[in-house]
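Notes for the one structure printed next.
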Amino acid sequence: MSKKMKMAAKIAIYRKIQILLLWFGFFSQAFAILSVEITEGQSSGLPIAIVPFGLEGTGHHGGGTEGVSAVIRSDLENSGQFSPTSFHQMTEFPHRREMVRYPYWKSLGAENIVIGEIKKTGGSRYTVHFELLDVVQQRAEGSPKPPLLAMQFDNVHADEFRALAHHISDLIFEKLIGVKGIFSTRIAYVSTVPGSKGELYTLEVADSDGHNPKALYRSSFPIMSPAWSPDGKRIAFVSFDKDRQSVNIVEVATGKVQKITQFPGINNAPAWSPDNKTLALMLSKDGSSKIYLVDLEDKKLTRLTEGSSIDAEPCFTPDGRAVVFTSNRGGKPQIYRVTLGSGQIDRLTFNGDYNAKPSVTPDGKRLVMMHRGDNGLFSIAVQSLATGEFKIITQSSLIDSPSLAANGMMVLYGIEEGDKEMLGAVSLDGRVKIRLPAREARVKCPAWSPFPYSKH
């Protein structure tokens with residue numbers, strides 16, 4: 001057999017192994033209630049090649065190690081910001097810098113390339129090394145430019161490959177886009193399935209791509225309004241017990257639940273202060289719904305709003321100095337801000353006759369809300385707090401519960417399509433749109449977690 005034929009056979013074997021591993025391994029949705037579908041991406045995502053990582057000592061790409069590069073590719077592609085080179089276009093599989101032929105990757109249109117190698121160090125422990133290389137800026141002659149990123153992770157357990165892959169995706173995203181990645185964050189949502197005695201509701205958390213779902217709280221009564229604590233350790237949510245609403249907090253690690261309020265009437269829409277010490281929420285214990293603060297240490301209540309209006313859906317500003325909320329005090333639902341030091345209330349929205357469910361971007365500069373236009377359709381809209389500039393970024397017959405990503409680049413929300421309830425996401429500029437349909441249940445009430453603490 002000629003050298004050329006041997007190389008072709010070797011490439012074919014690599015591809016068969018890799019396709020089988022992708023199909024049966026890390027791309028399996030058996031443990032994911034949600035899947036990711038890009039419905040609209042950027043017209044020209046950044047071209048990048050993610051080469052399957054090598055397993056040191058074999059020269060091959062195989063085993064569970066294949067999943068690391070597969071997850072990185074999926075993360076970057078699903079962000080809508082990147083256009084990964086098709087695996088089927090690749091005929092070279094370098095896993096060390098000296099093996100990279102830059103003219104080849106330029107011919108495939110890649111502007112950057114990700115390579116990596118995994119070394120087994122004993123038992124189920126591994127060392128993982130990866131590099132991000134700039135294809136375009138490489139010198140035509142002489143020594144190549146240093147990598148944009150080169151990092152090694154030691155003592156990695158095989159069970160941690162997926163989490164590490166998300167972390168590597170975050171690093172690549174931040175290096176090339178200039179904004180911290182959110183692939184290692186998690187999402188909370190409420191899933192609903194039919195039971196023998198009616199609907200069954202479950203508060204769940206999962207990875208940002210829908211994998212590794214975990215049930216935190218189950219009930220035969222509705223669950224609503226999950227909200228992550230800023231440290232990512234707890235989730236506040238609303239449940240019903242004997243026809244009475246209560247606001248609760250569940251520990252993500254243990255599932256331990258603590259009841260915070262259960263006053264007569266409405267107990268709803270909990271929102272965390274940036275220091276994790278206080279919840280803002282809506283209570284109707286004294287008549288119409290008002291905004292209150294509850295100190296989580298001594299349970300002391302402080303009322304923030306007065307009057308006969310309905311005040312709802314509070315959210316702290318990132319600096320913790322004010323709370324934005326929805327109110328009909330002007331006749332129609334609009335968004336207002338109450339300054340905690342002075343109690344001064346200012347109206348923030350004036351576009352249309354329905355703006356609700358506010359949140360403020362991490363930089364404190366923009367307001368994200370649910371908006372209903374003159375056509376009756378609901379939208380996710382963004383407004384500059386400095387200039388008032390207003391923009392609709394996605395629209396549907398029914399949109400609910402917008403939740404901002406920790407980097408402020410994406411908004412997660414609930415959506416209904418026909419008889420299906422699912423999640424959707426849209427970039428803050430409206431250019432990237434994603435659906436996360438559920439395979440086994442209806443899902444709603446999403447909440448995006450803060451950035452995690454990383455041990456890597």
Side-chain angles (χ1 to χ4, degrees), residues 18-39 50 52-53 63-80 82 84 87 118 124 126 128 153 156-173 181-191 193 202-217 226 228 232 235 252-253 255 403 405-407 410 412 414 421-425 432 434-456:
Q18 290 155 348
I19 290 170
L20 286 171
L21 287 165
L22 293 177
W23 186 258
F24 291 109
F26 281 82
F27 275 121
S28 169
Q29 295 290 336
F31 301 101
I33 192 171
L34 303 172
S35 57
V36 178
E37 298 176 0
I38 300 176
T39 59
I50 298 97
F53 285 15
T65 63
E66 175 63 35
V68 176
S69 52
V71 172
I72 295 170
R73 177 192 169 88
S74 179
D75 282 344
L76 298 182
E77 184 172 34
N78 290 340
S79 74
F82 292 86
F87 170 76
I118 300 176
S124 297
Y126 297 80
V128 180
F153 306 94
V156 179
H157 193 277
D159 292 342
E160 298 175 314
F161 278 164
R162 188 174 193 88
L164 177 59
H166 287 317
H167 179 60
I168 293 173
S169 299
D170 287 334
L171 296 171
I172 294 170
F173 189 93
I182 52 173
F183 307 111
S184 297
T185 61
R186 305 176 79 185
I187 57 175
Y189 52 87
V190 176
S191 68
V193 296
T202 305
L203 174 61
E204 298 187 0
V205 295
D207 295 348
S208 62
D209 59 0
H211 279 258
N212 301 319
K214 174 185 176 182
L216 293 181
Y217 183 84
W228 288 85
I235 295 175
V252 176
S403 176
N407 65 1
M410 299 287 291
L412 188 65
E421 291 178 296
M422 65 183 72
L423 305 184
V432 178
I434 299 170
R435 293 193 318 166
L436 293 89
R439 293 175 175 266
E440 302 167 357
R442 302 196 309 274
V443 290
K444 57 186 178 181
C445 301
W448 220 319
S449 80
F451 289 119
Y453 168 77
S454 175
K455 68 179 182 179
H456 298 297

Residue pair P226 / A188: nearest heavy atoms and the distance that separates them = CB-CB, 4.4 Å
Quick one: does L412's side chain get under 4.5 Å of L436's, heavy atoms only?
-> yes
Ignoring hydrogens and geometry, is there a side-chain-to-backbone donor-acceptor pair from T185 to S449 under 3.5 Å?
-> no
State, to 0.1 Å, how close S403 and A447 come at their nearest heavy-atom pair, and which atoms those are.
-> OG-CA, 3.4 Å
Just wondering, do P213 and Y189 contact through their side chains at under 4.5 Å, heavy atoms?
-> yes
Main-chain N/O of P450 paired with W228 side-chain donor or acceptor, under 3.5 Å = no
Does I182 offer a backbone N or O that forms a donor-acceptor pair with the side chain of D170 under 3.5 Å?
-> yes
Do M410 and W448 have side-chain heavy atoms sitting under 4.5 Å apart?
-> yes
How long is the span from the NE2 atom in H211 to the OG atom in S74, to the nearest 0.5 Å?
-> 7.0 Å
Spatial distance of atom CZ (R73) from atom CG (N78) [nearest 0.5 Å] = 10.0 Å
Answer yes or no: is there a side-chain heavy-atom contact under 4.5 Å between Y217 and I235?
-> no
Distance-minimising heavy-atom pair for S184 and P452 | O-CG, 3.4 Å
Which heavy atom of K214 sits nearest a heavy atom of A253, and at what distance?
-> NZ-O, 3.4 Å
Any L216 side-chain heavy atom under 4.5 Å of V205 side chain = yes
Straight-line distance of H167 NE2 to I72 CD1, nearest 0.5 Å | 11.0 Å
Pairwise distance CD(E421) to SG(C445) - rounded to 0.5 angstrom = 8.5 Å
Examine distances only and state if a side-chain atom of S208 and a backbone atom of F183 form a donor-acceptor pair shorter than 3.5 Å.
-> yes
CD1 of I50 to CG of D75: how many Å apart, nearest 0.5 Å?
-> 9.5 Å
Rounded to the nearest 0.5 Å, what's the gap from CZ on F53 to OH on Y126? Could you check?
-> 14.5 Å
Judged by atom type as modelled, is there a donor-acceptor pair below 3.5 Å linking the side chain of D207 to the main-chain atoms of D209?
-> no
